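To start, the structure itself, in structure tokens.
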Amino acid sequence: MIEEISRQEEFVLRTLEERSIRFVRLWFTDVLGYLKSVAIAPAELDNAFAEGIGFDGSSIEGFARVTESDMLAKPDAATFTILPWRTQAPGAAKMFCDITLPNGSPSFADPRHVLKRTLQKAADMGYTVYTHPEIEFFLFKNAPEKGVAPIPVDQGGYFDHMPSAVGHDFRRQAITMLEAMGISVEFSHHEGAPGQQEIDLRDADALTTADNIMTFRHVVKEVALDQGFHASFMPKPFTDHPGSGMHTHISLFKGEENAFYEEGASHQLSAVGRSFIAGILKYAPEFTAVTNQWVNSYKRLGGGGEAPALITWGDNDRSSLVRIPAYKPNKDASTRIEIRSPDAACNPYLAFAVIISAGLAGIEEKLELAQTISAQSLPGDLSAAIAAMESSSLVRQTLGEHVFEYFLLNKRAEWNEYRKQVSAYELDRYLPVL
């Protein structure tokens, strides 16, 4: 493994020299899922690989108190890619980083490490976790401005192929950039609401997928700016149109074998797969604050449009929390589940960690998947989601004490700020009559 990493690092250093790359951007995320970046010169990269780049963790959301501020960002050479929108010399490249403490131990506040811990637990149980996200978002003609409604770039609907080339050109350019960065795309199309797009990434191991989602969000916004638009992953920007989700397909493999597949079983789904689903259903109320972390997330979950509001499972019902896609004959590897509650505005590292932890708990607890269930509701707003998460030992253990407490602190503050606001609805409804 050490030799492999050394070869990866040597490849990075050689590529920087051959391609005249002048800036190397080191990327990581804070607890809320915002992308952070520091640029270094190629000459500093040897030291960055060996020791990391120091920064003040207390200045990053949820990372550290002032008294614990010293942290290091260590680039992961396996995530190296050249930035295709910086094609003119001098060029630029990026790598994701793992965050460590000065003694070299992983930072308890690093979302990437939270997911790595969960995936290590899966590995200890014999599983590799693969994920495949379907990412929805909106394109607007105008940049965000207080008091000004967003204007969608088109009036298209689901799968519409319209004379206007806006959506086609945007998706083509975005996909070209993603693939130039080594991110494979499976599908792309216009979604159900005006200006709404969907791009689906091919399946990969869960850590790679989380990295790819962070890159995806940045690329989409870069392409939108280049074309004079604004891209948003806000879950529900319009009252009268469906919101944007991130339906995520998950499968567990033991070596080359799909642990979710069992020939002849109902839905071709194994006992392991059924217990995994049962774990998600059991713990969904507790982890929803992480997969749907914004006040606006609950306008989507409660707003219909195939967004799940109840904790149910099924095959054809796209309003189910967990759906089992149709089995493809002679393709055992295609057996998987789809969780439909997350939105693309979440922190993908933390969201994947809690979903996978819930599924693994279902396997460990040998939970049975009932054929018919008395459907429980997902939390109806961020306040209810916070209350459910507060008492969750599973989410606390998955996130770690520091991330768990900071996340709740931030979400309580967001809810308290939101509930004090006087909305346009209240003014329109009550001001004329009261």
Side-chain angles (χ1 to χ4, degrees), residues 114-131 205-207 248-255 257-262 264-292 308 310-315 317 320-325 335-342 346 349-379 384-401 403-404 407-408:
V114 170
L115 178 55
K116 281 187 171 185
R117 283 202 314 264
T118 301
L119 296 179
Q120 184 58 55
K121 178 180 179 180
D124 292 342
M125 295 171 65
Y127 302 117
T128 303
V129 186
Y130 290 95
T131 51
D205 67 90
L207 180 64
T248 299
H249 299 246
I250 304 174
S251 56
L252 300 187
F253 274 70
K254 278 200 167 185
E257 294 186 1
N258 187 346
F260 281 1
Y261 173 75
E262 181 182 331
S266 177
H267 306 289
Q268 311 298 319
L269 189 67
S270 68
V272 167
R274 297 174 71 83
S275 289
F276 194 91
I277 294 174
I280 289 176
L281 299 181
K282 176 180 177 179
Y283 292 105
E286 300 175 22
F287 67 63
T288 295
V290 180
T291 56
N292 305 84
L310 300 176
I311 303 173
T312 59
W313 71 278
D315 50 1
D317 186 358
S320 296
L321 173 65
V322 177
R323 188 176 75 90
I324 304 172
T335 301
R336 63 200 186 279
I337 69 166
E338 176 190 16
I339 180 167
R340 298 179 60 82
S341 59
C346 68
Y349 302 102
L350 301 187
F352 284 178
V354 294
I355 293 168
I356 294 165
S357 282
L360 295 178
I363 295 172
E364 289 180 319
E365 297 169 24
K366 295 182 170 57
L367 296 181
E368 296 288 338
L369 184 62
Q371 290 297 327
T372 58
I373 58 175
S374 178
Q376 180 185 358
S377 296
L378 286 171
I386 291 168
M389 177 176 163
E390 284 174 328
S391 59
S392 174
S393 58
L394 178 130
V395 176
R396 182 184 292 272
Q397 184 177 13
T398 300
L399 300 185
E401 194 72 25
V403 172
F404 181 84
F407 191 91
L408 283 175

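Computation of the quantities below employed the complete heavy-atom set of this structure, encompassing side-chain atoms and omitting hydrogens, waters and symmetry-equivalent molecules. Predicted model only: the values in this text are computed from it and were never measured.
- The aromatic ring centroids of Y130 and F253 lie less than 6.0 Å from each other.
- Residues satisfying the ring-ring contact (aromatic ring centres under 6.0 Å, His included) test with F352, not counting sequence neighbours, are none.
- Remark: side-chain polar atoms of D315 are not paired, donor with acceptor, to backbone N or O of P325 under 3.5 angstrom.
- Closest non-hydrogen pair, T312 versus L281, comes out as O-CD2, 3.8 Å.
- Closest heavy-atom contact between A358 and Y283: CB-CB, 3.8 Å.
- The CD1 atom of I339 lies 4.0 Å from the CD1 atom of I355; values are rounded to the nearest 0.5 Å.
- Counting non-hydrogen atoms of neighbouring residues, nucleotides and ligands closer than 6.0 angstrom, the CD atom of Q397 reaches no more than 12 such neighbours.
- Considering all non-hydrogen atoms of both residues, M125 and I363 come closest at CE-CG2, 4.0 Å.
- By the 4.5 Å heavy-atom criterion applied to side chains, L269 and T335 are counted as neighbours.
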Next on the checklist: Using the rule given for side-chain contact (heavy atoms from CB on, under 4.5 Å), can you reason through S377 versus L310, listing the C-alpha separation, both sets of side-chain angles and the distance that settles it, and then say yes or no?
Outcome noted: CA-CA 4 Å; S377 296; L310 300 176; 3.5 Å; yes
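- In this structure, CG on L378 lies 4.5 Å from OG1 on T288, to the nearest 0.5 angstrom.
- By the 4.5 Å heavy-atom criterion applied to side chains, E338 and I324 are not counted as neighbours.
- A 4.5 Å side-chain heavy-atom check between H249 and T131 finds every atom pair outside the cut-off.
- A donor-acceptor distance shorter than 3.5 angstrom exists from the side chain of W313 to the backbone of A370, with no hydrogens or angles considered.
- A 4.5 Å side-chain heavy-atom check between Q268 and F260 finds every atom pair outside the cut-off.
- Contact record, F287 with I280: CE2-O, 3.8 Å, taken as the closest heavy-atom pair.
- With a 4.5 Å cut-off on side-chain heavy atoms, V129 and L360 do not count as touching.
- Taking all atoms of both residues into account, the shortest heavy-atom contact from A351 to V290 is N-CG1, 3.8 Å.
- Side-chain polar atoms of E262 and S270 form no donor-acceptor pair below 3.5 angstrom.
- Under the salt bridge (charged side-chain N to carboxylate O under 4.0 Å, His left out) criterion, E365 pairs with K282, not counting sequence neighbours.
- Interatomic distance, OG of S275 versus CG of L369, reported as 8.0 Å (0.5 Å rounding).
- Note: I386 CD1 to F407 CZ = 8.5 Å, rounded to the nearest 0.5 Å.
- In this structure, R274 does not pair ionically with E368, as no charged nitrogen and carboxylate oxygen lie closer than 4.0 Å.
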Item to check | Audit row: R336, I250, side-chain contact (heavy atoms from CB on, under 4.5 Å) steps and yes/no | outcome: CA-CA 6 Å; R336 63 200 186 279; I250 304 174; over 6 Å; no
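- In plain terms, the two heavy atoms of L394 and A361 that are nearest each other are CD1-CB, 3.7 Å.
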Please table the atom pairs, donor to acceptor, closer than 3.5 Å between any side-chain atom in residues 114-122 and protein atoms at least two apart or in another chain.
residue : atom : partner : partner atom : Å
K116    : NZ   : D98     : OD1          : 3.2
K116    : NZ   : D98     : OD2          : 3.0
R117    : NH2  : T398    : O            : 2.9
R117    : NH2  : L399    : O            : 3.3
T118    : OG1  : V114    : O            : 3.3
Q120    : NE2  : D124    : OD1          : 2.9
K121    : NZ   : E364    : OE1          : 3.2

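- Interatomic distance, N258 CG to L252 CG, rounded to the nearest 0.5 Å: 8.0 Å.
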Next on the checklist: Working note: N292 + S341, criterion side-chain contact (heavy atoms from CB on, under 4.5 Å); need CA distance, chi angles, decisive distance, verdict.
Outcome noted: CA-CA 8 Å; N292 305 84; S341 59; 4.1 Å; yes
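- In this structure, OH on Y127 lies 4.5 Å from NZ on K254, to the nearest 0.5 angstrom.
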